[in-house]
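To start, the structure itself, in structure tokens.
Both ligands and their constituent atoms are indexed starting at 1 by order of listing.
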Amino acid sequence: MISIDHPFVRLFSRYLREQGLPITQQREAVAQVVFSTTGHLSVEEIEQRLRQGSERIGKATIYRTLDLLVKSKLVEEHDFGEGFKRYEHRLSRQPIHEHLICLECGSVTEFRSDEVQAVEHRVAAEYGFAPARHRLEIYGLCRDCRTAGVKLPPGGLSCPIETV
Ligand SMILES: [Zn+2]
Ligand SMILES: [Zn+2]
């Protein structure tokens with residue numbers, strides 16, 4: 001059994017209550033898994049972690065709960081062009097961050113850059129645009145993969161979506 005003790009799970013339960021949706025042990029267990037990591041989890045990984053906590057929850061319930069978590073704005077959905085989505089909660093200490101995505105091993109590294117923030121503000125001001133959020137994803141090879149001798153295909157980086 002996964003113990004439901006994360007304060008953010010309570011925020012999610014409150015959201016469910018406000019929406020008139022049932023608060024179930026299964027939904028709370030999925031939320032608990034997502035909130036207890038700072039990573040970018042796939043549905044497979046979430047299912048694995050639930051199983052480690054000996055929680056038997058069907059994929060449909062996991063998908064439905066993730067959908068609700070995204071709607072509640074507590075969780076962000078990412079599509080890194082891998083053919084599946086990844087989920088990360090938005091209550092980390094780094095609410096604004098960018099992503100480095102390794103095309104070889106699929107690792108996701110986060111970084112924060114004041115310069116990127118400055119570009120957002122400058123461009124927005126130039127176009128009279130009110131920015132709400134932005135997303136920067138850099139695809140390539142992580143340090144480990146490069147050390148292991150993996151090379152990018154000649155001709156540089158191809159769009160991973162096109163190669164699927
Ligand atoms: Zn890698
Ligand atoms: Zn992230």
> Do the side-chain N and O atoms of E98 and H134 include a donor-acceptor pair separated by under 3.5 angstrom?
Replying inline: yes
>> Tell me whether the Zn ion (ligand 2) has E76 as a neighbour, meaning an N, O or S atom of it below 2.8 Å.
In response: no
> the Zn ion (ligand 1) as vertex, arms to SG of C105 and SG of C142: angle to 10°?
Replying inline: 110°
> With the threshold set at 4.0 Å, does a side-chain nitrogen-carboxylate oxygen contact exist between E47 and R51?
Replying inline: yes
> In terms of side-chain heavy atoms, does H40 have a donor or acceptor partner in E88 at a distance below 3.5 Å?
Replying inline: yes
> Below 2.8 Å, any N, O or S contact between H99 and the Zn ion (ligand 2)?
Replying inline: yes
>> Before moving on, can you tell me the angle at the Zn ion (ligand 2) between the NE2 atom of H40 and the OE1 atom of E88, to the nearest 10 degrees?
In response: 90°
>> If you round to 10 degrees, what value do you get for the angle at the Zn ion (ligand 1) between C145 atom SG and C102 atom SG?
In response: 110°
>> Quick check for you: with the Zn ion (ligand 2) as the vertex, what angle do OE2 of E110 and NE2 of H97 span, to 10°?
In response: 80°
> Does E77 pair with K71 as a salt bridge, N-O distance under 4.0 Å?
Replying inline: no
>> Distance alone, cut at 3.5 Å: any donor-acceptor contact between the side chains of S13 and E28?
In response: yes
